[in-house]
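Remember, it's 1-based here, ligands and their atoms both numbered in the order they're listed.
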Amino acid sequence: MTDPKTLSDPLVIAGRSFRSRLFLGTAGYPNRQVMLDALTASGTEMVTAAIRRISLAGEEESLVELIGERAHFLPNTAGCQTARDAVLTAELAREALGTSWIKLEVIGDRELLYPDVEELVRATGELVAAGFTVLPYCNDDPIVCRKLADLGAAAVMPLGAPIGSGLGICNPHMIETICNRSPVPVVLDAGIGTASEAALAMELGCAAVLLNTAVSKANDPVRMAAAMRAGVEAGRLARLAGRIPRRRHAEPSSPQLGLVGT
Ligand SMILES: CC(=O)[C@@H](O)[C@H](O)COP(=O)(O)O
């Protein structure tokens, strides 16, 4: 019988526990109240925002205070294109916000928003050596994920699909492979379009899902945030329960023995 405690096993990253396995971004909401209501509906305990947005636009200055106690704040290096730029941005975040946690994004192409793997690996090594808790956004590549974990990343965050695309998980087999091999938690980051895709990420073995656009740009962001919460929880439960194997042929669901004529 399932121990009810396993249903709510917290996720632990770098010694910090999270009951919610849904992490949310803060960009693109119709207004701040909708964003806050969506965060509440999602049950999230980890919220990310680009350090460039926070530091450059005065209006965003109080975002960290607004989030306050409701969630752990995870600054990210969105917009950085070199390791040097990302490391400087992370140092700025640590100085300004007093956190050494960083979601590391080093983008190699502004149109694709795909990670520059060489720069990402370099920046991860430098930031870990400088005492940061590094969560790198990376390709759905098991080799890259292993290198990042070997360098000391606290989690790896492979993309499901390009940021903001809503395409879902383009290569579920590779995400599952990464999950099966990773020594650190795997957080599916980017590309999720709807709740069933968040559930799939968890069914594949991800420890958590990070998403933004699917909620902030939904017709009803608060309702979608609640749907994502339910999707992540359902996917986690299904993963723990263990799915039946796929078969190429029918398998009677009722026992045949004992029927007249058998
Ligand atoms: C907010 C953030 O960190 C995004 O860059 C993240 O990668 C989420 O991507 P989606 O907007 O596709 O969910």
Side-chain angles (χ1 to χ4, degrees), residues 13 21-30 32 34-36 38-39 42 44-54 57 60 63-64 66-67 71-81 85-86 89-90 93 97 99 101-116 120 123 133-140 144-145 148 153-171 175 186-202 206 208-218 221 224-225 227-229 231-232 235:
I13 300 178
R21 289 168 182 268
L22 175 58
F23 304 160
L24 279 193
T26 51
Y29 283 87
R32 284 197 158 189
V34 172
M35 180 195 78
L36 291 174
L39 296 185
S42 74
T44 189
E45 295 173 348
M46 178 104 91
V47 169
T48 186
I51 187 65
R52 288 187 172 200
R53 265 178 64 211
I54 294 167
E60 295 288 345
L63 181 61
V64 182
L66 266 181
I67 289 162
H72 180 68
F73 186 72
L74 177 66
N76 70 60
T77 63
C80 293
Q81 291 190 280
D85 196 8
T89 304
L97 305 174
T99 177
W101 284 55
I102 193 79
K103 176 188 162 181
L104 181 60
E105 281 190 38
V106 189
I107 297 302
D109 182 304
R110 283 197 186 276
E111 197 180 332
L112 297 172
L113 298 181
Y114 249 56
D116 181 322
L120 182 72
T133 297
V134 184
L135 291 82
Y137 158 71
C138 59
N139 301 51
D140 55 354
V144 171
C145 287
L148 295 168
V156 290
M157 308 216 293
L159 54 84
I163 292 173
S165 68
L167 286 170
I169 300 178
C170 291
N171 195 340
I175 294 295
V186 178
V187 180
L188 195 287
D189 178 7
I192 294 294
T194 190
S196 57
E197 294 155 4
L200 175 61
M202 300 304 291
C206 291
V209 175
L210 191 159
L211 58 89
N212 187 158
T213 312
V215 169
S216 68
K217 300 289 188 196
M224 185 58 90
M228 291 298 184
R229 177 185 195 159
V232 165

For [X], counting its heavy atoms only, list the atoms of ligand 1 lying under 4.0 Å from any of them.
X    : value
D189 : 6 (C), 7 (O), 8 (C)
K103 : 2 (C), 3 (O), 4 (C), 5 (O), 6 (C), 7 (O)
G164 : 10 (P), 11 (O), 12 (O)
E105 : 3 (O), 5 (O)
L211 : 13 (O)

Is the closest N or O pair between [X] and ligand 1 shorter than 3.5 Å?
X    : answer
T213 : yes
G191 : yes
N212 : yes
T48  : no

So do [Y] and [X] actually touch side chain to side chain, heavy atoms under 4.5 Å?
X    : Y    : value
I192 : I169 : yes
L112 : P162 : no
T26  : N212 : no

For the residue pair [X] and [Y], what are the closest heavy atoms and their distance?
X    : Y    : result
V209 : L211 : CG1-CD2, 3.8 Å
I175 : C206 : CG2-SG, 3.7 Å
K103 : L74  : N-CD1, 3.6 Å

Would you confirm whether S216, through its side chain, and A27, through its main-chain N or O, come within 3.5 Å as a donor-acceptor pair? yes

If you have a sec, work out which protein heavy atom is nearest atom 9 (O) of ligand 1 and how many Å separate them, to one decimal?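 Protein heavy atom with the smallest distance to atom 9 (O) of ligand 1: A190 CA, 3.4 Å.
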
